[in-house]
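Structure first, commentary second.
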There are 2 protein chains.
Amino acid sequence: MELDQIDIRILRQLQADADIATNRLADMVGLSPSACLRRVTKLRRDGVIARTVAIIDPALVGRPLTAVITLEFALHGPSHRQEFIEKVRKLSAVRQCFMVTGEVSCVLTLHMRDMDEYLALTDELFNSDPNVEWFRTYISVQTVKDDPGVAF
Amino acid sequence: MELDQIDIRILRQLQADADIATNRLADMVGLSPSACLRRVTKLRRDGVIARTVAIIDPALVGRPLTAVITLEFALHGPSHRQEFIEKVRKLSAVRQCFMVTGEVSCVLTLHMRDMDEYLALTDELFNSDPNVEWFRTYISVQTVKDDPGVAF
DNA sequence: TATGAAATATTTCGTTC
DNA sequence: GAACGAAATATTTCATA
């Protein structure tokens, strides 16, 4: 599944704004509407476009508190993390979770209602998990940039 | 701009999948298509739905390397960060950038092509910026969760 | 001011060239 | 790719509550 320059232009546009009408998109990339739509359909089918979603303003839906948390596991290896991973996947306040190399094991980003929710979440995720050795919290005071996905 | 339970249901659905037909969305939230569409239009106009975007698979567009970077500034205060912020905003490999409280000043997430791009980026962003005292890199080895925005 | 049904306009899809 | 009609979908209008 090779992407040519037209595919790239389509993806860049849809990543910025997926609401655009097919006719306008076709104009922008220099294709007929039907040809353009066929490309988009194929990009979806191939999984390059995983899905399209509405981007919601966190502050306007009552999640004004953004935090980054890093943590270290006591025991390493995937089997000891399974339960933690399940919990992370279920909690809607957790937006991202990456297992990483370096002096921490895991990095999370969260969007929360308030400090009460923060306390409840850290208690559930970290304090009550014997495999979480320690965690550090970084509270966001300014969102300089927050794009929904990869750019390329 | 108060959100009632129907608004919440609409937002949850569109955040998970904005491709859904208006009729189906209307069914799901218990509204007629026209009433439902009017709600969606209003949510857009009020900025609750900021925009809708296509989610692209990083690996399939040649950005398989995900990293989290934390850093400390030498001089604090917004004026010393302006240049850094401009650069961050321009670089498409930088997905997120938060200014934070705690033992680091700033947290970034990046999606990159390869280690060469990583080296070039860190050189441009950190090594050549006298106000960046130090930075630490965490390379992602597993993406446990990566949602495009807030959940609620 | 919010709703739903119906009318209208637009977009998408399958087929053919 | 382009062109067309058929089907699906989106948007507007309007009467009603």
Side-chain angles (χ1 to χ4, degrees), chain A residues 1-64 92 113 147-152, chain B residues 1-62 147-152:
Chain A
M1 174 233 15
E2 268 310 290
L3 302 177
D4 64 14
Q5 276 313 107
I6 293 181
D7 291 320
I8 301 281
R9 265 185 278 169
I10 289 172
L11 290 172
R12 288 220 170 100
Q13 174 54 44
L14 293 181
Q15 186 173 50
D17 176 14
D19 272 332
I20 186 175
T22 311
N23 285 337
R24 241 169 67 73
L25 181 63
D27 272 353
M28 292 175 91
V29 304
L31 241 47
S32 74
S34 64
C36 181
L37 190 65
R38 223 174 306 134
R39 293 258 194 163
V40 174
T41 306
K42 180 164 161 39
L43 287 167
R44 277 181 203 288
R45 190 164 33 76
D46 292 346
V48 182
I49 298 174
R51 58 199 173 117
T52 102
V53 302
I55 301 301
I56 314 289
D57 186 324
L60 297 183
V61 292
R63 293 267 173 130
S92 74
R113 209 168 304 285
D147 290 339
V150 270
F152 54 98
Chain B
M1 174 233 14
E2 268 311 290
L3 301 177
D4 64 14
Q5 275 312 107
I6 293 182
D7 291 320
I8 300 282
R9 265 184 279 168
I10 290 173
L11 290 172
R12 288 221 170 99
Q13 175 54 46
L14 293 183
Q15 186 172 51
D17 176 14
D19 272 332
I20 186 174
T22 310
N23 283 335
R24 242 170 66 73
L25 180 63
D27 273 354
M28 292 175 93
V29 305
L31 241 46
S32 75
S34 63
C36 182
L37 191 65
R38 222 171 311 129
R39 295 257 194 163
V40 174
T41 305
K42 182 166 160 37
L43 287 167
R44 276 181 204 288
R45 190 165 33 74
D46 292 348
V48 181
I49 299 174
R51 58 200 174 116
T52 102
V53 302
I55 300 301
I56 313 289
D57 186 324
L60 296 183
V61 291
D147 289 341
V150 271
F152 54 98

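A, B, ... follow the sequence lines: proteins, then strands. Residue 1 opens every chain. Source: prediction; values computed, not measured.
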**OP:** Look at the side chain of Leu31(B) and decide which nucleotide, out of dG1(D), dG4(C), dT11(C), has an atom nearest to it.
**Re:** dG4(C)
Original post:
Do the side chain of Arg51(B) and the main chain of Ile55(A) share a donor and acceptor less than 3.5 angstrom apart?
Top reply: no
**OP:** Send over the distance from Arg38(B) CZ to dT12(D) P, rounded to a whole Å.
**Re:** 11 Å
**OP:** Classify the nucleic acid contact of Arg24(B) as base, sugar-phosphate or nothing, counting any heavy atom under 4.0 Å across all strands shown.
**Re:** nothing
Original post:
CD1 of Ile20(B) versus C1' of dA8(D): gap in Å, rounded?
Top reply: 15 Å
Subject >> Below 4.0 Å: OP1/OP2 of dA10(D) and any side-chain N or O of Asn23(B) >> reply: no
**OP:** Answer with base, sugar-phosphate or nothing: what part of the nucleic acid does Ser34(B) contact at a heavy-atom distance below 4.0 Å?
**Re:** base
Subject >> Distance in Å, Ile20(B) CD1 paired with Thr52(A) OG1, rounded so as to fall on 0.5 Å steps >> reply: 11.0 Å
Original post:
Quick one: CG on Leu43(A) to CG on Leu11(A), what's the gap to the nearest 0.5 Å?
Top reply: 5.0 Å
Original post:
Roughly, in whole Å, what's the span from CG in Asp19(A) to P in dT10(C)?
Top reply: 18 Å
Original post:
In whole angstroms, how far is the P atom of dT11(D) from the CZ atom of Arg44(B)?
Top reply: 9 Å
Original post:
Taking only side-chain nitrogens and oxygens of Thr22(B), does any of them come within less than 4.0 Å of OP1 or OP2 of dA10(D)?
Top reply: yes
**OP:** Send over the distance from Ile6(A) CD1 to dG1(D) P, rounded to a whole Å.
**Re:** 7 Å
**OP:** Calculate, to the nearest 0.5 Å, the distance between atoms CD1 and CG belonging to Ile6(B) and Leu31(B) respectively.
**Re:** 5.0 Å
Original post:
Given dT11(D), dG4(C), dA2(D), which nucleotide is nearest the side-chain atoms of Ser32(A)?
Top reply: dA2(D)
Original post:
How many Å lie between CG on Asp7(B) and P on dA2(C), as a whole number?
Top reply: 11 Å
**OP:** Check whether any side-chain N or O of Arg12(B) sits under 3.5 Å from a backbone N or O of Ala151(B) as a donor-acceptor pair, and report yes or no.
**Re:** no
Subject >> Whole-Å gap separating C1' (dT1(C)) and CZ (Arg39(B)) >> reply: 12 Å
Original post:
Just how far, in rounded Å, is P of dA2(C) from CD1 of Ile10(B)?
Top reply: 13 Å
Original post:
For the side chain of Leu37(A), counting heavy atoms from C-beta on, which of dT11(D), dT9(D), dT12(C) is nearest?
Top reply: dT12(C)
